[in-house]
Amino acid sequence: VHLHDAEAAVLTDAIFRYALDRVRLDPAPLDHPRTEAELQALAGGSIRPDGVGGLEALRRFAEVLAPACISTDHPRFLAFVPAAPTESAILFDLVVGASCIYAGSWLEGSGAVFAENEALAWLAALAGLPASSGGVFVSGGTAGNLAGLVAARHRWRSADAARARTRGLLVAGAAAHSSIAQAARVMDCDVVTAVGDHRNRTSGESLQAAVDGLAPDDRDRLFAVVVTAGATNTGVVDDLAGAADVAGAARTWLHVDGAYGGAALAAPSARPLFAGVERADSLVVDPHKWLFAPFDCAAILYRDPAAARAAHTQHAEYLDVLTERPEWNPSEYAFHLSRRARGLPLWFSLAAHGTAAYEEAVETTLAVAAAGADLIRAAEHVELVLEPGLSVLVFRRLGWGPTHYAQWSDRELRAGRSFVVPTSWRGETVLRVCIVNPRTSVDDLRTILDSLQ
Ligand SMILES: Cc1ncc(COP(=O)(O)O)c(C=O)c1O
């Protein structure tokens with residue numbers, strides 16, 4: 001359907017103005033969810049034979065649907081893992097959308113693939129992976145973890161034909177993200193979880209004990225050791241060097257899940273925590289979490305891309321023209337074929353601002369988190385539940401139980417003040433904030449702590 005020229009001009013103008021205004025809101029309103037019945041009454045019935053027209057559809061979005069979505073980039077959105085895309089990354093996302101690029105193959109998208117690979121190479125270099133490593137941007141950490149583990153199992157199976165029907169097994173650190181268990185379910189393999197310490201950090205010794213504790217038959221089924229570089233609930237980074245020793249001794253694959261925390265590789269102050277990451281066989285880092293890219297953008301990197309390629313390449317008559325070429329085809333490094341060039345907004349923003357700006361921005365968030373921890377230590381009504389990891393603070397409001405936390409959290413969101421939700425630690429309901437937005441200030445944290453009084 002081509003719009004008539006005049007109509008197209010008006011609609012184009014309206015869409016660009018909306019997008020620009022939204023990008024420039026500082027901050028955007030926090031907003032809050034609405035019920036399905038409310039949304040139905042206010043904006044339902046948009047899909048019908050004659051359409052409602054572009055301007056009316058945009059109005060429904062701007063006035064009803066968008067305000068029913070919490071702004072993940074609000075500086076006091078501190079629940080889960082927030083987002084803080086740069087203005088240039090967001091604007092370039094519009095360019096990516098307009099460019100109709102198929103970024104699954106070099107033949108069709110070489111320019112985009114080249115640029116995405118530059119961004120991936122920056123991440124690989126931060127981790128100290130060899131220049132020959134490579135990977136692809138997938139939709140999220142969940143997809144990245146599954147892609148990495150599928151490659152790990154494929155290498156294990158390929159080494160011995162007798163393993164073709166053997167169920168695989170992975171040993172995971174205590175704080176492994178739920179997506180590791182989900183990947184194991186999808187892959188129909190087993191997970192043995194190592195024991196964590198008082199912060200739920202998993203050491204090499206603990207991983208070794210888990211491997212040593214496997215029955216001989218199970219030992220043969222081991223295809224990966226999985227550790228977390230920045231646990232979602234606590235920010236704690238596992239003992240990566242110890243994990244690399246264990247994986248090396250067991251001649252198995254080391255997968256490091258840095259979906260949230262891997263961004264801190266860019267911060268010199270945090271880099272020592274990641275010692276050993278350079279020995280990973282696969283590494284996940286999500287730029288849509290803490291590297292200022294818009295959703296969705298997660299990097300899966302492989303030390304030996306050929307191993308991943310062997311696991312993931314789809315073969316079909318009509319695809320031979322792509323897969324038989326020597327160039328880099330992103331579709332061959334995860335379980336997907338068609339893909340948007342979702343790494344380009346990151347590439348553009350990195351190119352525009354320089355990597356030093358990224359280093360500074362990640363350091364800023366770490367410093368604000370550290371200052372927030374000091375505020376908690378100094379206050380009488382709250383206390384840290386454990387020593388903070390990276391930019392996550394877990395703390396309790398003295399005297400409160402689950403209902404108090406839930407009511408406070410709802411009230412703050414409804415009032416548009418903050419979005420902080422409870423989590424649990426060793427069975428106790430507590431509060432957790434995750435700081436990835438350089439616009440989140442120490443004052444924001446002070447305001448939230450004061451509201452708990
Ligand atoms: C450590 C870790 N791994 C994996 C994931 C899953 O990432 P995604 O939500 O992008 O699928 C998360 C999400 O917070 C995470 O923190």
Side-chain angles (χ1 to χ4, degrees), residues 70 72-73 77-85 123 127 135-150 152 170 172-187 191 193 196 199-202 224-240 243 254-265 270 273-274 277 280 282-301 334-336 339-340 342-343 345-346 362 365 369 388-394 419-421 423 425 432-437:
I70 307 177
T72 55
D73 57 336
F77 182 125
L78 302 174
F80 312 113
V81 182
L123 289 171
V136 63
F137 289 105
V138 293
S139 63
T142 299
N145 283 332
L146 178 56
L149 293 174
V150 164
L170 60 89
H177 185 261
S178 49
S179 56
I180 298 297
Q182 176 65 5
R185 274 195 295 278
V186 170
M187 295 166 67
V191 180
T193 304
R199 294 165 80 220
N200 220 20
R201 177 177 190 264
T202 303
V225 169
V226 180
V227 277
T228 313
T232 325
N233 208 27
T234 62
V236 170
V237 180
D238 284 340
D239 171 11
L240 307 185
L254 176 65
H255 177 78
V256 178
D257 177 5
Y260 149 67
L265 287 164
L273 292 169
F274 294 85
V277 69
S282 50
L283 168 67
V284 169
V285 181
D286 290 5
H288 69 203
K289 292 189 165 65
W290 197 2
L291 283 176
F292 321 114
F295 297 114
D296 50 16
C297 183
I300 168 76
L301 288 162
F335 47 91
H336 55 196
R339 61 180 293 276
R340 83 189 234 103
R342 59 167 65 83
L346 172 68
V362 176
T365 52
L390 298 178
S391 66
V392 176
L393 304 176
V394 183
F419 185 44
V420 176
V421 296
T423 184
W425 173 256
R432 168 186 172 279
V433 296
C434 177
I435 298 150
V436 299
N437 189 339

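Counting starts at 1 for both ligands and their atoms, following the listed order.
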Practice task
Sequence neighbours left out, what passes side chain to side chain contact (heavy atoms under 4.5 Å, CB included) with A293? Give chain and number order.
Solution key: P287, C297, L346
With the criterion set at N/O pairs under 3.5 Å, what does the list of contacts between the protein and ligand 1 look like, atom names and distances included?
{"from": "ligand 1", "atom 1": "3 (N)", "to": "D257", "atom 2": "OD1", "distance (Å)": "3.1"}
{"from": "ligand 1", "atom 1": "3 (N)", "to": "D257", "atom 2": "OD2", "distance (Å)": "2.6"}
{"from": "ligand 1", "atom 1": "7 (O)", "to": "G141", "atom 2": "N", "distance (Å)": "3.2"}
{"from": "ligand 1", "atom 1": "7 (O)", "to": "K289", "atom 2": "NZ", "distance (Å)": "2.9"}
{"from": "ligand 1", "atom 1": "10 (O)", "to": "G141", "atom 2": "N", "distance (Å)": "2.8"}
{"from": "ligand 1", "atom 1": "10 (O)", "to": "D286", "atom 2": "OD2", "distance (Å)": "3.2"}
{"from": "ligand 1", "atom 1": "10 (O)", "to": "H288", "atom 2": "NE2", "distance (Å)": "3.1"}
{"from": "ligand 1", "atom 1": "10 (O)", "to": "K289", "atom 2": "NZ", "distance (Å)": "2.9"}
{"from": "ligand 1", "atom 1": "11 (O)", "to": "G141", "atom 2": "N", "distance (Å)": "3.2"}
{"from": "ligand 1", "atom 1": "11 (O)", "to": "T142", "atom 2": "N", "distance (Å)": "2.8"}
{"from": "ligand 1", "atom 1": "11 (O)", "to": "T142", "atom 2": "OG1", "distance (Å)": "2.7"}
{"from": "ligand 1", "atom 1": "16 (O)", "to": "T232", "atom 2": "OG1", "distance (Å)": "2.7"}

Exercise for the section: Drop me the distance from L390's CG to F274's CZ, to the nearest 0.5 angstrom. Expected result: 5.0 Å
Practice task
Taking all heavy atoms of Y260 and all of G389, pick out the closest pair and write down the distance.
Solution key: OH-O, 4.4 Å
Completion exercise
Applying salt bridge (Lys or Arg N to Asp or Glu O under 4.0 Å) to D286 and not counting sequence neighbours gives K289
Exercise for the section: For R201, enumerate each residue passing the salt bridge (Lys or Arg N to Asp or Glu O under 4.0 Å) test, keeping only those at least two apart in sequence or located in another chain. Expected result: none
Exercise for the section: Could you tell me whether a side-chain N or O of S391 sits under 3.5 Å from a main-chain N or O of I435, the two making a donor and an acceptor? Expected result: yes
